[in-house]
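Written below as structure tokens is the structure these notes are about.
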2 protein chains.
Amino acid sequence: MSIQRCCPPKRVIRADYSGEAALFQALADEHRLAILASLAQTDGEICVCDFTDQLPLNQPTVSHHLRILHESGLVTSARRGTWVYYKLAPDAKRRLQQSLRGLFDGRATVA
Amino acid sequence: MSIQRCCPPKRVIRADYSGEAALFQALADEHRLAILASLAQTDGEICVCDFTDQLPLNQPTVSHHLRILHESGLVTSARRGTWVYYKLAPDAKRRLQQSLRGLFDGRATVA
DNA sequence: CGGTAATATCGAAAAATGTCGATACAGCGA
DNA sequence: TCGCTGTATCGACATTTTTCGATATTACCG
């Protein structure tokens, strides 16, 4: 027999998903998810001190996770006096939902 | 002055998000996202050979990413003859959407 | 200005991850 | 059975990630 193929070859998407990957990477840690959920389910903002008090992590580690969430654009921060407060970015939920939709439905996503 | 607080302390969620974190971790790689998007936007299944042909990755690396997606439950696989075909798990989209909703709205998620 | 408290950054260590060459395994065809 | 092809696994390496102690920075207060 001649050369055999498995099937008519299907096209594999070769778009650049690095933006979406970075976004989901921000969600790929249980403590960051707890932080995000706390921010999402609270009215307004939360003081960093509340996270350092109540999470099972040391202060530099909390600061590290907050920085990653901040760099992903999912949260914003504001200093008032000695304290720093974080809150959910207004478009956080929408960005994540759009990224999911982009994956499944092929829409353009800005990630 | 007496001891000063930043504010009435806000409660930080301390639920276990390790399941959701593992799920999002599966999405935290651009090549896995390309694989998932290809599966989601194609009718049916895709042969592993199409991925190894068209992705800029060597065959063991493709196999590695497919394994991670499979272990997360987002895809299923079936061997037919020499070839192995992957397809999107029926509940993949729903699980991800539910995990997002669990984060933002506090619903229970099975992840 | 000096002291104290909250937060961020630095540096290091351990663990996890992405990648690939080499190899093993599975199924087909001659 | 033998050889070939597609896929998975193994072992190694480089990079990234998570964590934390130590230290720096910022702001308040006396």
Side-chain angles (χ1 to χ4, degrees), chain A residues 1-10 12 17-18 21-36 45-72 75-87, chain B residues 1-10 12 17-18 21-36 45-72 75-87:
Chain A
M1 274 294 252
S2 56
I3 297 164
Q4 172 174 334
R5 279 273 320 159
C6 62
C7 50
K10 293 212 173 181
V12 171
Y17 284 100
S18 53
L23 192 60
F24 289 123
Q25 170 69 34
L27 303 187
D29 179 276
E30 52 179 327
H31 301 301
R32 286 198 294 272
L33 289 184
I35 292 174
L36 262 188
E45 48 191 19
I46 298 184
C47 179
V48 173
C49 61
D50 287 327
F51 291 121
T52 56
D53 284 354
Q54 300 179 53
L55 287 179
L57 299 170
N58 285 25
Q59 180 266 322
T61 306
V62 170
S63 195
H64 167 73
H65 286 305
L66 288 172
R67 172 206 260 264
I68 288 179
L69 288 173
H70 189 260
E71 285 175 349
S72 77
V75 307
T76 61
S77 67
R79 165 166 289 216
R80 268 201 309 285
T82 311
W83 292 279
V84 176
Y85 301 83
Y86 281 77
K87 70 176 173 187
Chain B
M1 273 295 252
S2 56
I3 297 164
Q4 172 173 333
R5 279 274 316 161
C6 63
C7 50
K10 292 210 174 182
V12 171
Y17 284 100
S18 52
L23 192 61
F24 289 122
Q25 170 69 32
L27 304 187
D29 179 276
E30 51 179 329
H31 299 121
R32 286 198 295 273
L33 289 184
I35 293 174
L36 263 187
E45 47 191 20
I46 298 183
C47 178
V48 173
C49 60
D50 288 327
F51 291 122
T52 55
D53 284 353
Q54 301 179 51
L55 287 180
L57 298 170
N58 285 27
Q59 181 266 324
T61 306
V62 170
S63 195
H64 168 72
H65 287 306
L66 288 171
R67 172 205 261 265
I68 288 180
L69 288 173
H70 189 260
E71 286 175 350
S72 77
V75 307
T76 61
S77 66
R79 170 175 289 248
R80 268 201 308 285
T82 311
W83 292 277
V84 177
Y85 301 84
Y86 281 77
K87 70 175 173 189

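A, B, ... follow the sequence lines: proteins, then strands. Residue 1 opens every chain.
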A:Leu66 CG to D:dT17 P, straight-line distance once rounded to whole Å: 17 Å

Below 3.5 Å, does any donor atom in the side chain of B:Gln59 face an acceptor in the base of D:dA8, or the other way round? yes

Under the side chain to side chain contact (heavy atoms under 4.5 Å, CB included) rule, what do A:Lys10 and B:Gln54 come out as? Steps first, then yes or no, please. CA-CA 10 Å; A:Lys10 293 212 173 181; B:Gln54 301 179 51; 5.9 Å; no

Nucleotide of D:dT9, D:dA8, C:dT7 approaching B:Val48 most closely (side-chain heavy atoms): D:dA8

Indicate, with a heavy-atom threshold strictly under 4.0 Å, whether B:Tyr86 touches base, sugar-phosphate, or nothing. sugar-phosphate

What's the spacing between A:Leu66 CG and A:Thr61 OG1 if we round to 0.5 Å? 11.0 Å

Gap between atoms CZ and P, on B:Phe51 and D:dG6 respectively (whole Å): 16 Å

Test item: B:Ile35 and B:Leu55 side chains (from C-beta on) under 4.5 Å apart, heavy atoms: yes

note: A:His70, atom NE2; C:dT7, atom P; distance rounded to Å ~ 15 Å

Atom-pair distance (CD1 on B:Ile35; C1' on D:dT7), nearest Å: 14 Å

Any idea how A:His31 and A:His65 line up, ring-wise: parallel (<30°), tilted (30 to 60°), or perpendicular (>60°)? tilted

I want to verify a distance call: between C:dT9, D:dT7, C:dA5, whose nearest atom is closest to the A:Thr82 side chain? C:dA5

Gap between atoms CZ and P, on B:Arg67 and C:dA16 respectively (whole Å): 15 Å

Can you measure A:Arg79 atom CZ to D:dC28 atom C1' for me and round it to whole angstrom units? 11 Å

Between A:Trp83 (CH2) and C:dT4 (P), how many Å, whole number? 16 Å

Between the protein and nucleotides 18-21 of chain D, which nitrogen or oxygen pairs come in under 3.5 angstrom?
{"residue": "D:dT18", "atom": "OP1", "partner": "A:Arg32", "partner atom": "NH2", "Å": "3.1"}
{"residue": "D:dT18", "atom": "OP2", "partner": "A:Arg32", "partner atom": "NH1", "Å": "3.2"}
{"residue": "D:dT19", "atom": "OP2", "partner": "A:His65", "partner atom": "NE2", "Å": "2.5"}
{"residue": "D:dC20", "atom": "OP2", "partner": "A:Asn58", "partner atom": "N", "Å": "3.1"}
{"residue": "D:dC20", "atom": "OP2", "partner": "A:Thr61", "partner atom": "OG1", "Å": "3.1"}
{"residue": "D:dG21", "atom": "OP2", "partner": "A:Asn58", "partner atom": "ND2", "Å": "2.4"}

Of B:Leu33, B:Leu27, B:Asp29, which meets side chain to side chain contact (heavy atoms under 4.5 Å, CB included) against A:Tyr17? B:Leu33

Is there a side-chain contact between B:Tyr85 and A:Cys7 in this structure, where contact means two heavy atoms from C-beta onward sitting under 4.5 Å apart? yes

Side-chain contact, heavy-atom cut-off 4.5 Å: A:Arg32 with A:Gln25? yes

